[in-house]
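I have placed the structure first, in the form of structure tokens, so that the comments after it can refer back to it.
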Protein chains: 2
Amino acid sequence: MKNNNVTIHDISKALGIDSSTVSRALNNSDRVSKKTKEKIVNKAAELGYQRNSLASKLRTNRTNTIGVIVPRISKHFFSSVIAGIEETAFQAGFDVIICQSLESIDREKKLVETLYSNRVDGILISISMETSNFDHLTNYKNKGFPLIFFDRPCNVSENTNVIIDDVKAGFDATAHLIERGCKNIVHFSGPQNLELYRNRKKGYTKALNTYGIAFSEHLVIESQLMQQDGILAAKQLLKLPKVDGVFSANDTAAISAIQYLKTKGVHIPKDIAFVGFSNEPISAIIEPSLSTINQPDFEMGKVASTLLFEQIKNKTDASENQTKILMPSLIIRNSSKF
Amino acid sequence: MKNNNVTIHDISKALGIDSSTVSRALNNSDRVSKKTKEKIVNKAAELGYQRNSLASKLRTNRTNTIGVIVPRISKHFFSSVIAGIEETAFQAGFDVIICQSLESIDREKKLVETLYSNRVDGILISISMETSNFDHLTNYKNKGFPLIFFDRPCNVSENTNVIIDDVKAGFDATAHLIERGCKNIVHFSGPQNLELYRNRKKGYTKALNTYGIAFSEHLVIESQLMQQDGILAAKQLLKLPKVDGVFSANDTAAISAIQYLKTKGVHIPKDIAFVGFSNEPISAIIEPSLSTINQPDFEMGKVASTLLFEQIKNKTDASENQTKILMPSLIIRNSSKF
DNA sequence: TTCAAAAATACAATCGATTGTATTTTTATT
DNA sequence: AATAAAAATACAATCGATTGTATTTTTGAA
């Protein structure tokens with residue numbers, strides 16, 4: 001494509017009107033008369049003019065764009081959060097650039113750099129599973145760059161985090177299994193550098209304590225909670241004595257474990273009851289349907305982006321960091337019914 | 001955030017070296033001596049310099065960025081295509097901006113404009129279900145802007161399309177049902193402005209013809225193929241006499257229809273056999289597992305982006321339009337077994 | 001040591017839009 | 001008709017990086 005892009009200077013020349021006036025006209029400034037505006041707008045349409053945002057952004061030092069980094073867009077939870085973000089952004093007149101780290105710290109670093117060098121006005125991020133050092137993020141944050149963590153918080157320094165109450169969720173899930181009669185409850189846990197998984201585990205142990213059940217580290221199976229991990233966990237679980245309940249820190253692992261156990265003749269929930277985490281759409285459909293924790297995903301997107309836009313506006317103020325905690329809810333389905 | 005961004009001019013001043021040399025040094029040009037390069041690179045690191053891509057892109061008129069517009073990132077098919085695109089793009093040194101139209105033509109138009117005004121080097125798009133007029137796309141295409149359609153092609157003018165052989169897929173799916181013994185096969189079809197759905201339907205009718213079964217328009221139920229539509233279609237289907245097979249143009253509608261029918265005591269596949277389309281991950285897990293058409297999604301992303309990069313490179317040549325057709329494959333699962 | 005060639009660096013224009021200031025034109029008041 | 005105020009428009013600098021050309025410095029061969 002030859003560079004036949006039309007600029008305001010082309011319009012300027014075509015009409016014999018200064019480019020500054022053209023610019024003002026196209027931005028509907030009231031410093032330009034109605035008549036001239038009309039002429040300019042018409043000529044712009046005629047020539048097929050399209051603003052060069054790069055130039056505009058460079059000059060104004062404002063991009064009206066935010067970046068969002070999630071581990072994986074195909075995860076229902078994240079795409080719902082993104083939906084919430086996009087809705088808020090649309091109302092605020094902001095564009096959104098969606099990126100996925102694929103759980104890789106290297107990709108994450110590169111994405112942050114790219115977004116920053118494109119001068120997005122702020123970033124919303126849910127860190128990768130590999131991220132345990134936060135320098136590539138706090139460096140920007142400390143410069144005063146608007147940066148907000150959601151779902152997977154960062155507490156190594158002062159930050160704004162939007163999370164759900166994972167301890168409560170873990171407690172509720174486990175308590176439900178106990179009240180249902182489970183005595184030997186296994187916990188599928190995730191990478192411990194993520195506070196979120198630490199908290200779900202905390203909730204699990206807290207519930208055991210509350211109900212006077214001894215906690216045993218043997219009953220905690222840690223993995224990345226991918227599909228394959230669920231199968232491995234199920235195999236491991238079968239070697240443990242009289243397990244009758246599982247609280248999995250995500251649905252994916254729970255589902256693959258259930259599938260595997262079914263092939264081994266284990267009856268869910270009679271032999272082993274299951275509670276997952278995330279309320280993936282599939283969880284309502286499989287058999288047995290999976291009890292799980294519902295997270296206010298869409299709301300999380302709205303809350304996080306609203307906070308971000310506040311930070312972007314209050315450029316001058318040292319924005320106060322705050323942690324917003326949203327409430328999860330337990331959905332009881334067949335995988336844990338009597 | 002005050003604008004304390006470090007520029008090459010800051011480095012220039014700090015070292016008493018002209019900014020052009022600084023720029024060249026940071027781009028590792030061999031017009032700068034090794035010694036000076038080192039000084040500059042060190043100072044850049046010290047000051048926390050980060051290139052302003054906006055300025056760079058404006059000057060060079062090259063963004064090394066492509067845009068991708070899909071209807072919905074949460075759809076497994078699209079996120080897999082995106083994965084393929086990102087892999088190719090990464091190798092080519094390009095950034096990818098992911099956008100979702102949410103099946104809305106208005107959003108789609110706005111996204112194309114935004115991407116263009118940000119001067120992406122090209123766009124890959126799978127159009128929305130609402131899109132039946134293509135002016136907002138062909139306008140750019142005709143200017144010589146690299147634009148490629150995937151999965152949902154555009155044949156109103158000369159374009160590059162990357163698609164799968166939907167006719168064959170529809171044929172295979174239907175033929176399989178017939179060979180299995182089905183005589184009254186319903187087809188869940190999608191919006192007819194999308195060629196893809198027209199083609200799947202074509203394949204369906206072609207198979208009926210081939211096997212000497214009369215085609216009846218009554219047996220085609222058209223909708224947006226969303227979850228809710230599947231239930232409505234199932235209800236409608238129950239009113240038809242002796243339906244014994246369904247070929248659904250996507251998995252989503254098939255799955256919700258199956259769920260509904262099961263509650264009505266219909267046995268799948270004994271009473272009604274099902275074949276879906278897309279091979280969503282859920283399809284392997286539900287009960288009965290859903291026979292479906294597997295699309296080479298990741299490959300489609302690679303092929304489409306490879307073609308796009310070729311077009312971007314051959315700026316001058318009038319790039320030849322071409323249609324690439326990828327081959328789908330039928331996966332037979334329990335929903336259509338004997 | 002001298003000087004041409006090569007290497008390194010500096011100068012200055014440029015990408016396209018925006019914006020503060022200056023100038024011209026119009027309007028309205030006397 | 002004169003003139004001050006207001007409205008409309010023009011001028012010119014700027015955002016930050018890049019790049020063709022010019023200038024200075026270094027190198028090495030005679």
Side-chain angles (χ1 to χ4, degrees), chain A residues 1-41 43-44 47-65 113-114 116-121, chain B residues 1-41 43-44 47-65 113-114 116-121:
Chain A
M1 185 176 74
K2 45 199 178 306
N3 182 14
N4 45 14
N5 287 328
V6 182
T7 73
I8 52 172
H9 300 105
D10 298 323
I11 301 176
S12 165
K13 267 177 223 154
L15 295 172
I17 295 176
D18 190 79
S19 60
S20 63
T21 302
V22 173
S23 170
R24 289 197 168 92
L26 294 172
N27 285 306
N28 203 23
S29 152
D30 49 14
R31 276 177 62 175
V32 181
S33 73
K34 211 176 149 188
K35 222 174 81 187
T36 334
K37 259 185 207 171
E38 221 165 79
K39 263 199 284 186
I40 292 174
V41 168
K43 182 58 82 177
L47 299 180
Y49 170 79
Q50 292 239 243
R51 162 193 277 105
N52 184 326
S53 294
L54 299 172
S56 170
K57 289 171 174 178
L58 175 62
R59 182 59 173 82
T60 59
N61 203 35
R62 233 9 195 45
T63 59
N64 278 297
T65 304
E113 267 175 35
T114 304
Y116 184 80
S117 78
N118 280 288
R119 297 296 185 268
V120 293
D121 295 325
Chain B
M1 184 176 75
K2 42 196 178 315
N3 181 11
N4 44 14
N5 288 329
V6 182
T7 72
I8 54 171
H9 302 291
D10 297 323
I11 301 175
S12 164
K13 267 178 224 154
L15 295 173
I17 295 175
D18 190 79
S19 60
S20 64
T21 303
V22 174
S23 170
R24 289 198 168 91
L26 294 172
N27 286 306
N28 202 25
S29 154
D30 49 14
R31 277 177 60 174
V32 181
S33 72
K34 211 176 150 191
K35 223 174 79 185
T36 335
K37 258 185 207 172
E38 219 165 80
K39 263 198 284 184
I40 290 174
V41 168
K43 182 58 83 177
L47 298 180
Y49 170 80
Q50 293 242 239
R51 163 193 276 105
N52 184 326
S53 295
L54 298 172
S56 171
K57 290 172 174 178
L58 174 62
R59 181 60 173 80
T60 59
N61 203 34
R62 237 4 199 48
T63 59
N64 278 296
T65 304
E113 268 176 34
T114 304
Y116 184 81
S117 78
N118 280 289
R119 297 295 185 270
V120 293
D121 295 326

Protein N or O to nucleotides 26-28 of chain D N or O, pairs below 3.5 Å:
none

Under 4.0 Å between a side-chain N/O of [X] and OP1 or OP2 of [N], yes or no?
X: B:Ser20; N: C:dT9; answer: no
X: A:Arg62; N: C:dT18; answer: no
X: B:Thr21; N: C:dA10; answer: yes

Measure [atom1]/[X] against [atom2]/[N] and give the value in whole Å, please.
X: B:Asp30; N: C:dT9; atom1: CG; atom2: P; result: 12 Å
X: A:Glu38; N: D:dA8; atom1: CD; atom2: P; result: 14 Å
X: A:Asn61; N: C:dT18; atom1: CG; atom2: P; result: 14 Å
X: B:Ile8; N: C:dT9; atom1: CD1; atom2: P; result: 15 Å
X: B:Asn52; N: C:dC15; atom1: CG; atom2: P; result: 18 Å
X: B:His9; N: D:dT18; atom1: NE2; atom2: P; result: 10 Å
X: A:Arg59; N: D:dA12; atom1: CZ; atom2: P; result: 16 Å
X: A:Leu58; N: D:dA17; atom1: CG; atom2: P; result: 9 Å

Do any of residues 10-18 of chain B sit with a heavy atom less than 4.0 Å from DNA chain C, and if so which?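 Within residues 10-18 of chain B, the residues near DNA chain C are B:Gly16, B:Ile17, B:Asp18.
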
Tell me, which of residues 22-29 of chain A have any heavy atom that sits under 4.0 Å from an atom in DNA chain C? A:Ser23, A:Arg24, A:Asn27

For the atom pair [atom1] ([X]) and [atom2] ([Y]), what is the distance rounded to the nearest 0.5 Å?
X: A:His9; Y: A:Lys13; atom1: NE2; atom2: NZ; value: 8.0 Å
X: A:Asn52; Y: A:Ile8; atom1: CG; atom2: CD1; value: 10.0 Å
X: B:Ser56; Y: B:Asn64; atom1: OG; atom2: CG; value: 8.5 Å
X: A:Leu54; Y: B:Arg119; atom1: CG; atom2: CZ; value: 7.0 Å

Report the residues that fulfil side chain to side chain donor-acceptor pair (under 3.5 Å) with [X], sequence neighbours left out, ordered by chain and then residue number.
X: B:Ser33; result: B:Thr36
X: A:Ser117; result: B:Ser53
X: B:Thr60; result: none

Base of D:dC15, side chain of A:Thr60 - is there a donor-acceptor contact under 3.5 Å? no

Contacts of A:Lys39 that satisfy salt bridge (Lys or Arg N to Asp or Glu O under 4.0 Å) - sequence neighbours left out: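 Residues passing salt bridge (Lys or Arg N to Asp or Glu O under 4.0 Å) with A:Lys39: none at all.
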
Pairwise N/O distances under 3.5 Å, protein to nucleotides 22-29 of chain C:
none

Return whichever of A:Thr7 or B:Thr36 has its heavy-atom-nearest nucleotide of DNA chain C closer to the 5' end.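 Comparing both residues, the 5'-ward one is B:Thr36.
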
Can you give each donor-acceptor pair under 3.5 Å made by side-chain atoms of residues 15-28 of chain B, sequence neighbours left out, with the distance rounded to 0.1 Å?
| from | atom 1 | to | atom 2 | distance (Å) |
| --- | --- | --- | --- | --- |
| B:Asp18 | OD2 | B:Ser20 | N | 2.8 |
| B:Asp18 | OD2 | B:Ser20 | OG | 2.7 |
| B:Asn27 | OD1 | B:Arg51 | NH2 | 2.6 |
| B:Asn27 | ND2 | B:Ser23 | O | 3.1 |
| B:Asn28 | OD1 | B:Lys37 | NZ | 3.0 |

At 4.0 Å (heavy atoms only), tell me whether B:Ser56 reaches a base, stays on the sugar-phosphate, or touches nothing.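 Here B:Ser56 touches the backbone only, sparing every base.
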
Over all strands shown, is A:Ser53 touching base, sugar-phosphate only, or nothing at heavy-atom distances under 4.0 angstrom?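 Answer is nothing: A:Ser53 stays at 4.0 Å or more from every strand.
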
B:Gln50: side chain to side chain contact (heavy atoms under 4.5 Å, CB included) partners, not counting sequence neighbours: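 By the side chain to side chain contact (heavy atoms under 4.5 Å, CB included) rule, B:Gln50 matches A:Glu113, A:Tyr116, A:Tyr140.
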
Can you sort out the partners of A:Thr65 under side chain to side chain contact (heavy atoms under 4.5 Å, CB included), two or more places apart, ordered by chain and number?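 Per chain and number, A:Thr65 pairs via side chain to side chain contact (heavy atoms under 4.5 Å, CB included) with A:Lys57, A:Thr63, A:Asp95, A:Ile97, A:Val120.
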
Quick one: does A:Tyr49's side chain get under 4.5 Å of A:Ile11's, heavy atoms only? yes

Taking all non-hydrogen atoms of both residues, which atom of A:Val6 and which atom of A:Asp10 are closest, and how far apart? CA-OD2, 3.4 Å

DNA chain C in dot-bracket, Watson-Crick or G-U pairs under 3.5 Å, [ ] crossing, | other strand? ||||||||||||||||||||||||||||||

